[in-house]
Amino acid sequence: MSLGSHEVYSSQEGASSAVESSTLGSHSTRGQLAPREKDSYFDIYMRKKNFAACDGGTGAEFLPSPPVVQIPEEPLEAPELHPAPPEIPVLDQPLLPEIQIQDELYRRFLVNTIGEFPSLERISETVRVQSQIERQVEAALVHHGFREESILMNRHLIRGFVFYHRGRALSPRTYRAYLNEISRLGTRDTRAFQRIIRAIQNSDLFL
């Protein structure tokens, strides 16, 4: 083989080697993500996601989980409770006529205010309020199971525990407070009625 033919063969062999090197280079970079200039974050994220999907992955590690927003629940409204009305027993017929009750209360008031010289206004207001309290207390005693005859026989003692437990007459304001207490709490839960019950329990009053 001549020198000219040898040079031609070497030139062809070099060209072939360059082609093979270029081909191997293209195969070696297949499946890899080549960086690109001026890519945005969204472009990089999409290429990684597509690559992970092709590789059998889900690509979920590249996507941050959205924040969990808890919607506050409205508080349940408490059921509206209606308190029971106070228990205030009433008799169909009073144990004594009203005029007799007020006359006895008036005479008892004068005895328990000796030396005080109460005004006519105080006397009339006290007798008026005491008569209302007495009727309601008597009705509560009857509904409590005590006999009407026994209540009538002991009415003067009962008045002492209700109206004059301190030995003297109280102010009209205090008696009005007793009457308002009956309207709010019911007769049995008032101080006046409970004094009668304690007197019975202590054997100071026999009904």
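This chain uses plain numbering: 1 for the first residue, then up along the sequence. Values in this document were obtained by computation on a predicted structure and should not be read as measured data.
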task: State which residue, out of Val162, Ile133, Leu141, fulfils the side chain to side chain contact (heavy atoms under 4.5 Å, CB included) condition with Phe193.
output: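 The passing option is Leu141.
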Could you pull out all residues at least two apart from [X] that satisfy side chain to side chain donor-acceptor pair (under 3.5 Å)?
X      : answer
Arg173 : none
Asn154 : none
Ser171 : Thr174
Tyr106 : none

Output every pair passing salt bridge (Lys or Arg N to Asp or Glu O under 4.0 Å) with a member in [range], not counting sequence neighbours, ordered by first then second residue.
range            : result
residues 118-128 : Glu116-Arg122, Glu125-Arg128, Glu125-Arg176
residues 134-145 : Glu98-Arg135, Glu134-Arg159
residues 179-190 : Glu181-Arg191

Shortest non-hydrogen contact from [X] to [Y]?
X      : Y      : answer
Pro86  : Ser183 : CG-O, 3.2 Å
Phe109 : Pro118 : CE2-CG, 3.7 Å
Ile182 : Ile88  : O-CD1, 3.4 Å

message: Enumerate the side chain to side chain donor-acceptor pair (under 3.5 Å) contacts for residues 141-152, please, sequence neighbours excluded, ordered by first and then second residue.
response: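 Qualifying pairs, neighbours excluded: none.
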Those residues that, when tested against Pro97, pass side-chain contact (heavy atoms from CB on, under 4.5 Å) (two or more places apart):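 Testing Pro97 for side-chain contact (heavy atoms from CB on, under 4.5 Å), a comparison that skips the adjacent residues, returns Ile99, Gln100.
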- prompt: What pairs with Val90 under side-chain contact (heavy atoms from CB on, under 4.5 Å), at least two apart in sequence or on another chain?
  reply: none
message: So does Leu105 get a backbone contact from the side chain of Arg108, meaning a donor-acceptor N/O pair under 3.5 Å?
response: no
task: Examine distances only and state if a side-chain atom of Thr126 and a backbone atom of Ile123 form a donor-acceptor pair shorter than 3.5 Å.
output: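 No, Thr126 side chain to Ile123 backbone: no donor-acceptor pair under 3.5 Å.
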query: Is there a side-chain contact between Leu96 and Arg155, using heavy atoms and a 4.5 Å cut-off?
result: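 Yes, at least one pair of side-chain atoms sits under 4.5 Å.
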message: With heavy-atom distances below 4.5 Å as the criterion, would you say the side chains of Thr187 and Pro89 are in contact?
response: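 The answer is yes; the side chains approach within 4.5 Å.
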- prompt: By ring pair (Phe, Tyr, Trp, His ring centres under 6.0 Å), which residues pair with Tyr175, not counting sequence neighbours?
  reply: Phe163
- prompt: How many angstroms lie between atom CG of Asn180 and atom CG of Leu185, to the nearest 0.5 angstrom?
  reply: 10.5 Å
- prompt: Under a single-linkage definition using a 4.5 Å side-chain heavy-atom cutoff for Ile, Leu, Val, Met, Phe, Trp and Tyr, are Met153 and Phe161 assigned to the same hydrophobic cluster?
  reply: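 Met153 and Phe161: separate clusters.
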Show the atom names and distances, to 0.1 Å, of all donor-acceptor pairs under 3.5 Å that link a side chain in residues 196-207 to residues at least two apart or in another chain.
from, atom 1, to, atom 2, distance (Å)
Asn202, ND2, Arg198, O, 3.1

